[in-house]
Protein chains: 2
Amino acid sequence: MPDTVKILQDYGVSPTPQRIAVAEAVLHAKAHPSADDIWGIVRRQWPTLSRTTVYNTLNLLVGKGVLKPQIIKEGKIVYDPSAEKHHHFVDEKTGEICDIPWEAIRVTGEDALEDFEVLEYQVILRGNRRRR
Amino acid sequence: MPDTVKILQDYGVSPTPQRIAVAEAVLHAKAHPSADDIWGIVRRQWPTLSRTTVYNTLNLLVGKGVLKPQIIKEGKIVYDPSAEKHHHFVDEKTGEICDIPWEAIRVTGEDALEDFEVLEYQVILRGNRRRR
DNA sequence: GTTCGTGCAAACGGTTTGCAACAAT
DNA sequence: ATTGTTGCAAACCGTTTGCACGAAC
């Protein structure tokens, strides 16, 4: 088990007790914890630690590259006609979403996953849209 | 241009004037409109139509399979250590998120997209987790 | 004594819900 | 009369922000 303090220092984050507690919780979590999940975990040992500090720390860790935020669950929703399948490209600068034709991307291996019955999938690509 | 009324009826949605307006807006939108985007569009021609009705209608259309909700932009966030890349599987029943090893899924074609410089991508799979 | 970190409380923004008025059948 | 639809206002929930207190160099 790697030293959490070392990790924080390596990424340029001053290892305060609160940050160590939050980092331990998120790095050792088995599932994909939300901010409030982490608050719940940390508070068991540290009841005074505030929700704000959890958010502060998570945003700091994301900014420093320790963590990667995943937008997977419910949240801000956009709508697509369900007519034809397609993938999505998200412009990192503007947030603009573009459709990518289904045939442009080939995905293989999804039917060989033993533990998962895959009913659907999509690829989300991120980067810079080229304009000319 | 297909008849919006026909589409609604085909999916078992009573075509009220408000629903027709919302469906027109979302089905003819070029980009990926949010609920409020659609409200803005519809209100130009129908200033009395309420935000609630837009949400009611969109949820109805999603439930009937006319629209597909996309969770791509900011929303509820979960966190991953940024150590190793992986894809994600979301259980449709429970919402549980599982990591899929990067090598288990192969994606090809993303580097041939002329209009997009792809910096990163991930596959989001949805279905039923097998338990035994 | 200034900088950095913490945390309360309030705000924010997208979405949902309770409920009352209103068609429509 | 019952059922389905609309829409206001309020609640909700995850997240962010303003600000004041406190710790550390």
Side-chain angles (χ1 to χ4, degrees), chain A residues 4-5 8-9 11-26 29 31-43 45-64 66-79 95 97, chain B residues 4-5 8-9 11-26 31-43 45-64 66-80 95 97:
Chain A
T4 307
V5 175
L8 293 178
Q9 287 169 340
Y11 281 90
V13 177
S14 322
T16 69
Q18 288 93 329
R19 287 172 178 172
I20 296 168
V22 171
E24 293 257 316
V26 68
H32 295 71
S34 68
D36 264 31
D37 292 338
I38 295 162
W39 193 40
I41 295 167
V42 170
R43 259 200 312 177
Q45 309 232 3
W46 199 307
T48 66
L49 198 151
S50 77
R51 195 192 239 104
T52 308
T53 295
V54 172
Y55 277 102
N56 285 342
T57 303
L58 290 173
N59 287 336
L60 181 63
L61 295 181
V62 169
K64 295 291 190 178
V66 186
L67 300 177
K68 204 161 167 28
Q70 301 285 350
I71 306 159
I72 298 183
K73 308 189 93 162
E74 66 281 349
K76 190 176 190 179
I77 298 168
V78 298
Y79 297 88
I97 301 169
Chain B
T4 306
V5 175
L8 293 178
Q9 287 170 340
Y11 281 90
V13 176
S14 322
T16 67
Q18 289 94 329
R19 287 173 178 171
I20 296 168
V22 171
E24 293 258 314
V26 67
H32 295 73
S34 69
D36 264 31
D37 293 338
I38 295 161
W39 192 41
I41 295 167
V42 171
R43 259 200 311 177
Q45 310 233 1
W46 200 306
T48 67
L49 197 152
S50 77
R51 193 191 242 105
T52 307
T53 295
V54 173
Y55 276 102
N56 285 342
T57 303
L58 291 173
N59 287 337
L60 181 64
L61 295 181
V62 169
K64 296 289 190 180
V66 185
L67 300 178
K68 205 159 166 25
Q70 301 286 351
I71 305 159
I72 299 181
K73 309 188 91 160
E74 67 282 349
K76 190 176 190 178
I77 299 168
V78 297
Y79 296 89
D80 260 342
I97 302 170

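On a predicted model such as this, the values are computed, not experimentally measured, just so you know. Numbers restart at 1 for each chain; the letters A, B, ... are given by sequence-line order, proteins then strands.
- Comparing C:dG5, D:dT15, C:dG7 against the side chain of A:Arg51 picks out D:dT15 as the nearest.
- Residues A:Asn56 and A:Thr53 have side chains that never bring a donor and an acceptor to within less than 3.5 angstrom of each other.
- A sub-4.0 Å separation between OP1 or OP2 of D:dT15 and a side-chain N or O of A:Tyr55 is present.
- Both A:Thr16 and B:Asp36 lie near DNA chain C, and the one whose nearest nucleotide falls closer to the 5' end is A:Thr16.
- The shortest distance between side-chain heavy atoms of A:Ile41 and A:Trp46 does not fall below 4.5 Å.
- With D:dG7, D:dT15, C:dT15 as the candidates, the nucleotide lying closest to the side chain of B:Ala35 is C:dT15.
- Among C:dT15, D:dT6, C:dC8, the nucleotide with an atom closest to any side-chain atom of A:Ser50 is C:dC8.
- Relative to the side chain of A:Asn59, the nucleotides D:dT6, C:dT6, D:dT16 differ in distance, and D:dT16 lies closest.
- Under the 4.5 Å side-chain criterion, counting only non-hydrogen atoms from C-beta, B:Arg19 is not in contact with B:Thr4.
- Taking every side-chain heavy atom of B:Thr52 into account, D:dC8 is the closest of D:dT17, D:dC8, C:dG14.
- Atom P of nucleotide C:dC4 and atom NZ of A:Lys64 are separated by 11 Å, given to the nearest angstrom.
- Of the inter-residue distances, the one linking B:Leu8 atom CG with B:Leu61 atom CG reads 6.5 Å to the nearest 0.5 angstrom.
- Of all nucleotides listed (C:dT6, D:dT16, D:dT5), C:dT6 comes nearest to the side chain of A:Arg19.
- Atom CG in B:Asp37 sits about 14 Å away from atom C1' in C:dG13, given to the nearest Å.
- Rounded to whole Å, atom P of C:dT15 lies 10 Å from atom CD1 of B:Ile38.
- One interatomic measurement links the two molecules: CG of B:Asn56 to C1' of C:dG18, which rounds to 12 Å at whole-angstrom precision.
- Computed from coordinates, the A:Trp39 CH2 to D:dT15 C1' distance equals 13 Å when rounded to whole Å.
- Under 4.0 angstrom from either OP1 or OP2 of C:dC4 there lies no side-chain N or O belonging to A:Ser14.
- Under the 4.5 Å side-chain criterion, counting only non-hydrogen atoms from C-beta, A:Thr52 is not in contact with A:Trp39.
- D:dT15 atom C1' lies 16 Å from atom CG of A:Leu60, rounded to whole Å.
- When the C1' atom of D:dG7 is taken as reference, atom CH2 of B:Trp46 falls 13 Å away, rounded to whole Å.
- Atom CG of B:Leu49 is separated from atom P of D:dT5 by 14 Å (rounded to the nearest Å).
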